Amino acid sequence: MITLKFTLKQARLLKGLTQEQVAKELGIHVQTYRKMEKHPDDVTVGEAKKISEILEFSYDFIFFNTDSTFSRYEGGESTP
């Protein structure tokens, strides 16, 4: 079984949206959204769910990947 995982930027590009479009949908400034793409571990659960709805991907495909702090530690815990 192959499990696909995407970065936030990859998911946005696959949807064919610009950073400006996603920021507008979220009701935030584009700079704030850019920071989310650079630092996805700082995105709140509520923001992750909204972004996932906009990009039409399950948030665990974007936010719970091998680069996420949630998956860096055994058992999915965010602390070592």
Side-chain angles (χ1 to χ4, degrees):
M1 181 173 151
I2 297 174
T3 303
L4 296 176
K5 301 289 183 179
F6 301 107
T7 65
L8 184 51
K9 181 179 179 178
Q10 288 171 328
R12 175 181 56 78
L13 291 173
L14 284 171
K15 181 69 176 162
L17 297 173
T18 66
Q19 290 177 329
E20 291 80 6
Q21 290 170 313
V22 176
K24 184 176 179 179
E25 287 285 325
L26 290 170
I28 61 175
H29 193 276
V30 68
Q31 278 301 105
T32 303
Y33 179 75
R34 285 182 182 139
K35 288 179 186 176
M36 290 177 172
E37 282 195 359
K38 288 186 180 208
H39 305 285
D41 290 339
D42 295 338
V43 176
T44 68
V45 172
E47 291 168 335
K49 287 182 179 182
K50 287 180 187 176
I51 291 168
S52 296
E53 289 173 12
I54 294 165
L55 300 179
E56 298 177 343
F57 279 99
S58 174
Y59 65 89
D60 51 334
F61 282 112
I62 303 170
F63 294 97
F64 294 96
N65 61 40
T66 56
D67 294 326
S68 168
T69 56
F70 291 111
S71 64
R72 286 186 189 142
Y73 306 105
E74 191 173 333
E77 297 175 17
S78 60
T79 58

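The structure displayed is predicted, hence computed values, not measured ones. Computation of the quantities below employed the complete heavy-atom set of this structure, encompassing side-chain atoms and omitting hydrogens, waters and symmetry-equivalent molecules.
Looking at L14 and F57, their side chains come closer than 4.5 Å, going by heavy atoms from C-beta outward. Two residues are said to be in side-chain contact when any heavy atoms from C-beta on lie closer than 4.5 Å; T44 and E47 meet this criterion. In this structure the side chain of L55 reaches within 4.5 angstrom of the side chain of L8, judged on heavy atoms. You'll find the side chain of E20 reaches within 4.5 Å of the side chain of R34, heavy atoms only.
Between S52 and S58 the shortest heavy-atom distance is OG-C, 4.0 Å. Closest approach of Q21 to G16, counting heavy atoms only: OE1-O, 4.0 Å. When every heavy atom of I54 is checked against every heavy atom of V22, the shortest pair comes out as CD1-O, 4.3 Å.
Linking Ile, Leu, Val, Met, Phe, Trp and Tyr whenever their side-chain heavy atoms come within less than 4.5 Å leaves L26 and V30 in two separate clusters.
Of the options K50, M36, K49, a side chain to side chain contact (heavy atoms under 4.5 Å, CB included) to V43 is made by M36 and by none of the others.
Residues that satisfy the side-chain hydrogen bond (donor to acceptor under 3.5 Å, both in side chains) test with E37, not counting sequence neighbours, are R12, Q19, Y33.
In this structure a side-chain-to-backbone donor-acceptor pair under 3.5 Å is missing from H39 to D41.
Annotation: the span from K38 atom NZ to T7 atom OG1 amounts to 13.0 Å, rounded to 0.5 Å.
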